[in-house]
Amino acid sequence: MKTLFQKIADREIPSKIVFEDDLCFAIEDINPQAPTHILVIPKRVITRLGGATDDDAALLGHLLVCAGKIARERGIAETGFRAVINSGKDAGETVPHLHVHILGGRPLAWPPG
Ligand code: 5GP
């Protein structure tokens with residue numbers, strides 16, 4: 001069974017894909033929580049950070065590098081942005097296919113809720 005994000009990557013579910021390379025892709029979040037809210041998603045499924053292994057190290061690093069590049073392209077690297085991975089129920093994870101939220105374009109409260 002494909003995950004929601006695999007279906008988006010395969011263009012079976014429409015989404016605004018703003019970046020793509022061999023390893024990952026990025027989409028506009030359907031329910032944005034900030035003026036910029038983009039999800040960076042690996043093409044190979046890692047279910048959640050809490051289950052990641054050493055084999056995932058390079059891919060996880062790649063996701064973060066891409067998040068930084070996208071933030072720079074969006075003009076939020078200067079003002080500041082947050083990269084968030086929700087892992088598991090208490091964190092509010094709703095899609096079991098790891099993804100990095102890029103949030104920016106407004107001041108972000110800390111600590112998060
Ligand atoms: P999580 O709660 O797992 O950390 O994040 C899942 C994110 O995926 C949420 O921010 C939610 O708005 C977003 N999302 C869920 N379904 C879709 C969809 O069909 N398209 C897009 N672009 N985003 C989605």
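Ligands are counted one by one from 1 in listed order, and the atoms in each one are counted from 1 as well.
Under the 4.5 Å side-chain criterion, counting only non-hydrogen atoms from C-beta, Trp110 is in contact with Arg82. Using a 4.5 Å cut-off on side-chain heavy atoms (C-beta onward), His97 and Leu4 make no contact. Side-chain contact between Ile38 and Val18 is present, with at least one heavy-atom pair separated by less than 4.5 Å. In this structure the side chain of Ile102 reaches within 4.5 angstrom of the side chain of Ile76, judged on heavy atoms.
Between Leu4 and ligand 1, not a single N/O pair is under 3.5 Å apart. For the pair His37 and ligand 1, the shortest N or O to N or O distance does not fall below 3.5 Å. Polar contact with ligand 1: absent for Ile13 (N/O pair, distance under 3.5 Å). An N or O contact shorter than 3.5 Å is missing between Glu93 and ligand 1 by distance.
Remark: the His37 side chain and the Asn31 side chain contain no N/O donor-acceptor pair separated by less than 3.5 Å.
Residue contacts with ligand 1, taken as heavy atom pairs separated by less than 4.0 Å, do not involve Val84 at all. Residue His99 touches ligand 1 through its side chain alone, judged by heavy-atom distances below 4.0 Å.
Ligand 1 does not have Lys16 within reach: every non-hydrogen atom of the residue lies 4.0 Å or more from it.
Using a 4.0 Å cut-off between charged nitrogen and carboxylate oxygen, Asp56 and Arg44 count as a salt-bridge pair. Looking at Glu78 and Arg72, no side-chain N of the basic residue comes within less than 4.0 Å of a carboxylate O on the acidic one, giving no salt bridge.
Looking only at protein heavy atoms, the nearest one to atom 8 (O) of ligand 1 is Leu39 CD1, 3.6 Å. At the shortest separation from atom 10 (O) of ligand 1 among protein heavy atoms lies Asp29 OD2, 2.5 Å. Here the protein heavy atom with the shortest distance to atom 22 (N) of ligand 1 is Glu28 O, 2.9 Å. Among protein heavy atoms, atom 24 (C) of ligand 1 sits closest to Ile30 CG2, 3.4 Å. Looking at atom 3 (O) of ligand 1, its nearest protein heavy atom turns out to be Thr94 N, 2.8 Å.
Residue Ile27 has at least one heavy-atom neighbour below 4.0 Å for each of these atoms of ligand 1: 21 (C), 22 (N). Against a heavy-atom cut-off of under 4.0 Å, Ser15 is close to the following atoms of ligand 1: 22 (N). Counting the atoms of ligand 1 from 1 in the order shown, those under 4.0 Å from a heavy atom of Phe5 are 8 (O). Listed by number with element, the atoms of ligand 1 under 4.0 angstrom from any heavy atom of Asn31 are 12 (O). For ligand 1 and Asn86, the ligand atoms under 4.0 Å from any heavy atom of the residue are 4 (O).
In this structure, Pro96 and Thr3 approach most closely via the heavy-atom pair O-CG2, 4.2 Å. The two residues Pro42 and Leu98 make their nearest non-hydrogen contact at CD-O, 3.0 Å.
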* Asked: Would Cys24 and Phe19 satisfy side chain to side chain contact (heavy atoms under 4.5 Å, CB included), going step by step from the backbone distance to the final call?
  -> CA-CA 8 Å; Cys24 69; Phe19 171 83; 3.9 Å; yes
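Arg48 contributes no side-chain N or O that, together with a main-chain N or O of Ile85, makes up a donor-acceptor pair within less than 3.5 Å.
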